[in-house]
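Here is the structure we will look at, set down as structure tokens.
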Amino acid sequence: MKSEPQVYSISDLERDKQTIWDGVRNYQARNFLRQIQLGDLAFFYHSNVKPPGIVGLMKVIETDVVDPTQFDFNSQYYDPKSYLQSPRWQTVTVEFVQAFETIISLIKLKQEFSDNELLVVKKGNRLSVMPVATEVAKKILGLVS
DNA sequence: GCCAACGTTGGC
DNA sequence: GCCAACGTTGGC
């Protein structure tokens with residue numbers, strides 16, 4: 001799950017302990033959010049910074065959360081075409097688990113994984129939420145220690 | 001700052 | 001339904 005750290009960083013999550021992962025406005029990314037199961041772990045990825053990469057780990061503590069910002073007129077994520085009776089955007093609530101001591105940079109990820117193994121290293125992939133296979137996730141965690 | 005790789009919009 | 005124009009993401 002990607003976030004630009006100047007908008008919301010792993011440090012912010014550590015401070016807040018938990019957060020609703022709001023603002024996703026891409027249907028493919030939303031569909032991935034819908035597939036997330038309670039208790040799933042997720043990597044926190046810092047995008048649009050130097051260097052980009054995975055900076056920590058979090059845990060999903062609530063699924064099928066209606067993104068409140070879609071109904072918030074003052075939010076940049078306000079969606080006038082979404083209705084209270086049938087919300088368009090669902091997301092999850094995540095809990096802080098761990099901030100890695102060093103970033104696992106995108107460069108490192110590209111060295112370790114093919115774009116078939118790990119979607120985030122695929123050229124042109126701009127989705128802010130992507131699935132990671134369990135075996136790949138284990139290997140990534142292995143890079144931390 | 002550039003630009004590739006998308007996704008979205010709207011005229012037809 | 002097609003597709004040109006436009007907007008956005010995000011690595012580089």
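Just so we're on the same page: letters track the sequence lines, and every chain starts at 1.
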Spacing of [X] atom [atom1] relative to [N] atom [atom2], expressed in whole Å:
{"X": "A:Ile107", "N": "C:dG10", "atom1": "CD1", "atom2": "P", "answer": "17 Å"}
{"X": "A:Asn48", "N": "B:dC3", "atom1": "CG", "atom2": "P", "answer": "17 Å"}
{"X": "A:Ile103", "N": "C:dG11", "atom1": "CD1", "atom2": "C1'", "answer": "13 Å"}
{"X": "A:Asn125", "N": "B:dG7", "atom1": "CG", "atom2": "C1'", "answer": "12 Å"}
{"X": "A:Gln28", "N": "B:dA5", "atom1": "CD", "atom2": "C1'", "answer": "13 Å"}
{"X": "A:Asn26", "N": "B:dG7", "atom1": "CG", "atom2": "P", "answer": "7 Å"}
{"X": "A:Arg126", "N": "C:dC12", "atom1": "CZ", "atom2": "C1'", "answer": "16 Å"}
{"X": "A:Trp89", "N": "B:dG7", "atom1": "CH2", "atom2": "P", "answer": "12 Å"}

| Shortest non-hydrogen contact from A:Arg88 toward A:Arg30 | O-NH1, 2.9 Å
Can a side chain N or O of [X] be found less than 4.0 Å away from OP1 or OP2 on [N]?
{"X": "A:Lys50", "N": "C:dG11", "result": "no"}
{"X": "A:Lys2", "N": "C:dG10", "result": "yes"}
{"X": "A:Tyr45", "N": "C:dT9", "result": "no"}

| Do A:Ser9 and A:Asp12 meet the criterion of a side-chain donor-acceptor pair at a distance under 3.5 Å? | yes
| Is any side-chain heavy atom of A:His46 less than 4.5 Å from a side-chain heavy atom of A:Ile10? | yes
| A:Lys122 near the nucleic acid: base, sugar-phosphate alone, or nothing, with a heavy-atom cut-off under 4.0 Å? | nothing
| So which nucleotide from C:dG11, B:dT9, B:dA5 ends up closest to the side chain of A:Lys123? | B:dA5
| field | Parallel, tilted or perpendicular: ring planes of A:Phe44 versus A:Trp21, cut at 30 and 60 degrees | value | perpendicular
